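Below: the structure, in structure tokens.
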Amino acid sequence: SSMRSQNQSIVSKFILLGLPIHPEQQGLLFALFLGMYLTTVLGNLLIILLIRLDPHLHTPMYFFLSHLALTDVSFSSVTVPKMLMNMQTQDQSISYAGCVTQVYFFIFFACIDNLLLAVMAYDRYVAICHPLRYTIIMREELCLCLLAGCWLLSCAYALTHTLLLAQLSFCADNIIPHFFCDLAALFKLSCSDTSLNELVIYTSGAAVFIFPLSGILVSYGRIGISILRVPSTKGIFKALSTCGSHLSVVSLFYGTIIAVYFSPSFGQSHYKDIIASVMYTVVTPMLNPFIYSLRNRDMTLALGIIFRNKNLFTT
């Protein structure tokens, strides 16, 4: 091992190969991703603004939605600006510290997103199955506790992975075939034993995704049963109008994650990994605000009111 440690030079930076594209497509893709990123930022900030400005939207559902929007902007901002910068400057390096930081925030925001979706499903369950006790159950204190829980759990989870990553040593090979510092790609590059890291990822990763997902499924199962018990068109319509958008976002989020990490060729074809990563780092955060606002009467009304008021101010 002493021979090995002499031979081992500490890697101070990594090279991100970025998207597997031809140079002539670079400009077009840069414009496309820049457009998508700006749409994500503006769309989600608009949601946060609407929810803050309209008193009708000061309810638990929208409180969590505004935090989901904030998380989406942050999650996208961890990887996309760096990718755009690398495309533009042709300098593909990222420092070791930058890489570890990116891993931390990537896991942190992905985890918050995940837990918030579960909290929102619980909120819908209470609203539909216990409408009369809704305001008593979903008190402001509970909402704040649930939100704090999401942040603390995610922080602990991301910190665990980041500290374990910091234990690994990297030798000569420093090329990451991806557009951000992906944990799986870093494990492949490391010249240390990564079995502990992988064990932690599979056990805790499963917990972090399976618990919220089962929470979501149980909530929707209960909602389904309560609708079937008293089948009325009005009840079904009400449930669909409040849950439809949340269900769409959940399917999009979990669908892409399952496509990446549970497909049999995970780690084999990194093209497929990259496409799926683009899906959940760029596409999903961009679509969330649209799914929520277009599907939702309150949001559309709030937007209308704000524009009308703006016209009043200007005239």
Side-chain angles (χ1 to χ4, degrees), residues 16-51 65-92 94 98-99 101-103 105-114 116-117 176-182 185 244-261 263 269-296 299-300 303:
L16 293 170
L17 287 187
L19 299 170
I21 49 175
H22 299 298
E24 60 269 20
Q25 299 170 333
Q26 190 103 355
L28 177 69
L29 279 166
F30 176 81
L32 178 71
F33 280 111
L34 180 64
M36 285 163 87
Y37 177 64
L38 292 176
T39 309
T40 304
V41 174
L42 295 173
N44 283 295
L45 291 180
L46 181 64
I47 277 199
I48 296 169
L49 190 70
L50 284 183
I51 293 171
L65 177 59
S66 65
H67 282 277
L68 185 75
L70 184 64
T71 309
D72 277 332
V73 169
S74 313
F75 182 56
S76 222
S77 302
V78 173
T79 53
V80 182
K82 178 72 184 158
M83 173 181 86
L84 292 172
M85 219 168 73
N86 287 2
M87 280 170 102
Q88 213 39 21
T89 58
Q90 300 296 316
D91 167 34
Q92 294 173 311
I94 183 170
C99 205
T101 311
Q102 206 180 37
V103 166
F105 284 109
F106 184 83
I107 298 174
F108 179 58
F109 290 120
C111 192
I112 293 183
D113 224 329
N114 192 17
L116 274 177
L117 287 174
I176 300 174
H178 216 308
F179 63 91
F180 64 95
C181 289
D182 179 47
S245 28
H246 182 257
L247 263 177
S248 323
V249 171
V250 167
S251 328
L252 197 63
F253 183 77
Y254 281 100
T256 46
I257 284 174
I258 288 165
V260 187
Y261 292 110
S263 66
S269 95
H270 70 267
Y271 286 140
K272 205 163 99 182
D273 291 354
I274 288 177
I275 290 166
S277 303
V278 166
M279 274 300 291
Y280 67 80
T281 54
V282 188
V283 182
T284 311
M286 180 183 76
L287 293 180
N288 284 2
F290 292 103
I291 292 174
Y292 267 101
S293 334
L294 299 176
R295 289 288 319 252
N296 198 307
M299 291 297 265
T300 334
L303 197 59

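Every heavy atom of this structure was used, including side-chain atoms; hydrogens, water molecules and symmetry mates were not. Note that the coordinates shown come from a computational prediction; the quantities given were computed from them, not determined experimentally.
- Residues forming a ring pair (Phe, Tyr, Trp, His ring centres under 6.0 Å) with Phe75 (at least two apart in sequence, or on another chain): Phe106.
- For Asp113, the side-chain hydrogen bond (donor to acceptor under 3.5 Å, both in side chains) criterion is met by no residue, not counting sequence neighbours.
- Atoms NE2 and CG, on His67 and Leu116 in that order, are 8.0 Å from each other to the nearest 0.5 Å.
- Contact of the Asn114 side chain with the Tyr254 side chain is registered, since non-hydrogen atoms from C-beta on lie closer than 4.5 Å.
- Partners of Cys181 under the disulfide bond (SG atoms under 2.5 Å apart) rule, at least two apart in sequence or in another chain, are Cys99.
- Rounding to the nearest 0.5 Å places CD of Gln92 at 10.5 Å from CE of Met87.
- Summarising the geometry of Gln102 relative to Thr79, their closest heavy-atom pair is NE2-CA, 3.8 Å, with the distance given to 0.1 Å.
- Here CG of Asn288 is found 4.5 Å from CG of Asp72. Values are rounded to the nearest 0.5 Å.
- The CG atom of Asp91 sits 10.0 Å away from the CG atom of Leu16 when rounded to the nearest 0.5 Å.
- Nearest approach of Leu117 to His246, heavy atoms of both residues: O-NE2, 2.9 Å.
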TODO: Determine, step by step, whether Thr281 and Phe179 satisfy the side-chain contact (heavy atoms from CB on, under 4.5 Å) criterion, reporting the C-alpha distance in whole Å, the side-chain angles of both residues, the deciding distance to 0.1 Å, and the verdict.
DONE: CA-CA 11 Å; Thr281 54; Phe179 63 91; 3.6 Å; yes

When the side chains of residues 29-50 are checked against the rest of the protein, which donor-acceptor pairs come out under 3.5 Å, sequence neighbours left out?
| unit_1 | atom_1 | unit_2 | atom_2 | d |
| --- | --- | --- | --- | --- |
| Tyr37 | OH | Ser77 | OG | 2.7 |
| Thr39 | OG1 | Gly35 | O | 2.6 |
| Thr40 | OG1 | Met36 | O | 2.8 |
| Asn44 | ND2 | Thr40 | O | 2.8 |
| Asn44 | ND2 | Pro285 | O | 3.1 |

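- Between the CG atom of Leu252 and the OG atom of Ser248 there is a distance of 8.5 Å, given to the nearest 0.5 Å.
- To the nearest 0.5 Å, atoms CD1 (Ile51) and CG (Leu65) are separated by 4.0 Å.
- Contact between Pro81 and Ser76 at its shortest, heavy atoms only, is CD-O, 3.6 Å.
- Between Phe108 and Phe105, the two ring planes are perpendicular [angle over 60°; tilted spans 30° to 60°].
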